[in-house]
K.L.:
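Sending over a structure as structure tokens; questions will come in a sec.
Chain letters run A, B, ... following the sequence lines, proteins first, then strands; residues in each count from 1. Fair warning: this is a prediction, and the values are worked out from it, not measured in the lab.
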2 protein chains.
Amino acid sequence: MAKAVEKQATSGRGSTVQRIEAALTAEISAGALAPGERIDEVKLTERFGVSRTPVREALSRLVAQGILIPGEKRGVRVAEYSREQLAQIFEAMHEIEAACARVAAQRLTLLARVEIEAAQANCMAAAKAGDRPAYLAANEAFHLAIYKATGNPYMAEIASEFRNRTGAARAKKFSKPEDLLASAKSHEKLIALIFSEDSNAASDGMREHMARSFRETLAVN
Amino acid sequence: MAKAVEKQATSGRGSTVQRIEAALTAEISAGALAPGERIDEVKLTERFGVSRTPVREALSRLVAQGILIPGEKRGVRVAEYSREQLAQIFEAMHEIEAACARVAAQRLTLLARVEIEAAQANCMAAAKAGDRPAYLAANEAFHLAIYKATGNPYMAEIASEFRNRTGAARAKKFSKPEDLLASAKSHEKLIALIFSEDSNAASDGMREHMARSFRETLAVN
DNA sequence: GAACAGCATTCTGTATACAAACTAGATTGT
DNA sequence: ACAATCTAGTTTGTATACAGAATGCTGTTC
């Protein structure tokens, strides 16, 4: 029976799978599991204190989201991308991120402005402190705040899925404290564009932001 | 052990889950399972001649793709959308479909042209025959050919996922034979735009095509 | 020393079991 | 006659078992 390792108060059945899925998504996105690395089911059962069944269900969901890929013969491994594949993923990501920026600019509420500004303040604080883990989390929250500002959860969902898939590759470009500061500063222009009345400028600005992110990511992958 | 009901030649282990996933995706997308309908796991084991484990894994993957949603207490049900949610999904779909059309127009190869034309010929044939199931399949293949023409499998993937999620709602607008013919004819202008050298016109044309599809879908949902 | 073959161990896809939760129907009380 | 409660059956989340396939290690031969 479950050994309560990492076991939290849950709201009903089924949340075991969700908990494992969320934990693995965050780790893979943060680069804690290497691209191409094979996932050991038994190790995960020990770690989460559950049987293989909920672990396998969580892995299955990550396969459906492209975060894990089926092994050639059996099992699953962390998705890894060639340079060409990374370029293609970023191209798709560009499109949806630009659309998010445009729609967010069109629909910006006061609450959304405040949330984006708060998220950016967290980014700045983490960057100035040179706190890489905190910056990765704050950067994520910043982009999620922009997605949320679109008022469209489905656009937010696919943008988040792309962000999850590319998290490991993108995390590599934050290797020095000045990388964090440069990234946080690059948010300023983007925020200005989103807060402006020109939604097309916001969209273009996001494309430029993503193009720069792509160049930096490609340089370290 | 598996009773070979719907059992096909498979290439190794794991394909049981994929087979069930593909079959359920196609049925839900074609509207064979009603939105909101609860999925009975035991019935699926009988139908596919397997145990609950691969059925549950397939269901788990469909949950990750938003085609099924977790029930309030337990189990899963077919995703169903309010008018507002349908509008939001179509908005996200518009963005990615328009991007696909633009990129397809930019990168059109001779092979892609021929495949799109062949797919459209199938649409016309099915429409003229008043064959609704054949038209649904041909329409699907037509749009997949456009996605493929982008040369970007990740853009194709998310476009396909949106198409899967909205399949049931969109299928309802093909209730009369003249609906099929009108839809097939609306493809002609779209093809002309994609085949033109103006990728922005292709993008705009796809937005118009999707806007019309949305209006028709909303009228019957 | 290297390569190949065989054997053992490990891992995973799927089957089955178990327990808990949910639902439906029947019975009882007002 | 209607509403509430109880019971039984069904469904599902998770645990465990089993069998087959894959991988790794060891020994032998060239």
Side-chain angles (χ1 to χ4, degrees), chain A residues 1-24 28 33-34 36-65 67-79, chain B residues 1-24 28 33-34 36-65 67-79:
Chain A
M1 189 54 70
K3 285 180 277 184
V5 175
E6 298 196 37
K7 202 173 182 63
Q8 305 160 2
T10 57
S11 55
R13 301 170 80 189
S15 56
T16 305
V17 175
Q18 286 158 358
R19 178 166 62 87
I20 299 170
E21 180 189 352
L24 293 177
I28 294 170
L33 295 172
E37 178 176 340
R38 191 181 59 81
I39 301 295
D40 190 317
E41 292 181 9
V42 175
K43 277 182 178 174
L44 291 180
T45 66
E46 287 161 7
R47 178 179 145 197
F48 288 101
V50 297
S51 75
R52 281 178 58 225
T53 312
V55 164
R56 286 185 57 82
E57 275 211 37
L59 296 180
S60 209
R61 291 189 188 187
L62 297 179
V63 164
Q65 293 170 46
I67 293 172
L68 298 176
I69 55 174
E72 281 189 11
K73 296 204 175 61
R74 61 181 190 159
V76 297
R77 57 183 66 249
V78 180
Chain B
M1 191 53 70
K3 285 179 276 183
V5 175
E6 297 194 37
K7 202 172 182 62
Q8 304 161 3
T10 58
S11 56
R13 301 169 83 189
S15 56
T16 304
V17 175
Q18 285 157 0
R19 179 166 62 87
I20 298 170
E21 180 189 354
L24 293 178
I28 293 170
L33 294 171
E37 178 176 340
R38 189 180 60 82
I39 300 296
D40 190 317
E41 292 180 11
V42 174
K43 278 182 178 175
L44 291 180
T45 66
E46 288 161 8
R47 178 178 146 200
F48 287 101
V50 296
S51 75
R52 282 177 59 224
T53 312
V55 165
R56 285 185 59 80
E57 276 212 37
L59 296 180
S60 209
R61 293 187 186 189
L62 297 179
V63 164
Q65 294 170 46
I67 294 171
L68 297 177
I69 54 174
E72 282 189 10
K73 295 198 175 65
R74 61 179 193 161
V76 299
R77 56 183 67 249
V78 180

K.L.:
Measuring from A:Asp40:CG to A:Arg47:CZ, what's the distance to the nearest 0.5 Å?
P.N.:
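Taking CG in A:Asp40 and CZ in A:Arg47, the distance rounds to 12.0 Å.
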K.L.:
Check the phosphate of C:dG13 against B:Thr16, side-chain N and O only, distance under 4.0 Å to OP1 or OP2. Yes or no?
P.N.:
no
K.L.:
Distance-only criterion, 3.5 Å: show the donor-acceptor pairs between side-chain atoms of residues 48-55 of chain B and protein atoms not counting sequence neighbours.
P.N.:
from    : atom 1 : to      : atom 2 : distance (Å)
B:Ser51 : OG     : B:Thr53 : N      : 3.4
B:Arg52 : NE     : B:Glu41 : OE1    : 3.1
B:Arg52 : NH2    : B:Glu41 : OE1    : 3.0

K.L.:
May I ask you to verify whether the side chain of A:Arg56 and the base of C:dT12 hold a donor-acceptor pair under 3.5 Å?
P.N.:
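No such pair is found, so the answer is no.
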K.L.:
Would you mind reading off the distance between A:Arg38 atom CZ and C:dG13 atom C1', rounded to a whole angstrom?
P.N.:
14 Å
K.L.:
Provide, to the nearest angstrom, the distance between the CD1 atom belonging to A:Ile20 and the C1' atom belonging to D:dG13.
P.N.:
12 Å
K.L.:
Does B:Thr53 or B:Ile39 map to a spot on DNA chain D nearer the 5' end, using the closest nucleotide for each?
P.N.:
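By nearest-heavy-atom nucleotide position, the 5'-most residue is B:Ile39.
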K.L.:
Under 4.0 Å between any heavy atoms, over every strand shown, what does A:Leu59 touch: base, sugar-phosphate, or nothing? Just pick one.
P.N.:
nothing
K.L.:
Can you list the residues that meet the salt bridge (Lys or Arg N to Asp or Glu O under 4.0 Å) rule with B:Arg77, with sequence neighbours excluded?
P.N.:
none
K.L.:
Tell me which nucleotide among C:dC11, D:dT11, C:dT14 gets nearest to the side chain of B:Ser51.
P.N.:
C:dT14
K.L.:
Between A:Gln18 (CD) and D:dT14 (C1'), how many Å, whole number?
P.N.:
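Computing the A:Gln18:CD to D:dT14:C1' distance gives 14 Å.
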K.L.:
Answer whether the closest heavy-atom distance between the side chains of B:Ile69 and B:Val76 falls below 4.5 Å.
P.N.:
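No, too far: nothing below the 4.5 Å cut-off.
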K.L.:
Between C:dT12, D:dA15, C:dA15, spot the one nearest the side chain of B:Pro54, thanks.
P.N.:
C:dA15
K.L.:
Measure from CG on B:Asp40 to C1' on C:dT23 and round the result to the nearest Å.
P.N.:
13 Å
K.L.:
In whole angstrom, what separates B:Arg77's CZ from D:dT11's C1'?
P.N.:
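The distance from CZ of B:Arg77 to C1' of D:dT11 comes to 13 Å, rounded to the nearest Å.
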K.L.:
Take the protein atom CG of B:Leu44 and the nucleotide atom C1' of C:dA15, then report the distance between them rounded to whole Å.
P.N.:
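The distance from CG of B:Leu44 to C1' of C:dA15 comes to 17 Å, rounded to the nearest Å.
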K.L.:
Is there side-chain contact between A:Leu59 and A:Leu44, with at least one heavy-atom pair below 4.5 Å?
P.N.:
yes
K.L.:
In whole angstroms, how far is the C1' atom of C:dT10 from the CD atom of A:Glu41?
P.N.:
12 Å
K.L.:
Taking CZ from A:Arg52 and P from C:dT10, how many angstroms apart are they, rounded to a whole number?
P.N.:
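The answer, rounded to whole Å, is 15 Å.
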K.L.:
Any idea which of D:dA21, C:dA21, C:dT14 is nearest the A:Arg74 side chain?
P.N.:
D:dA21
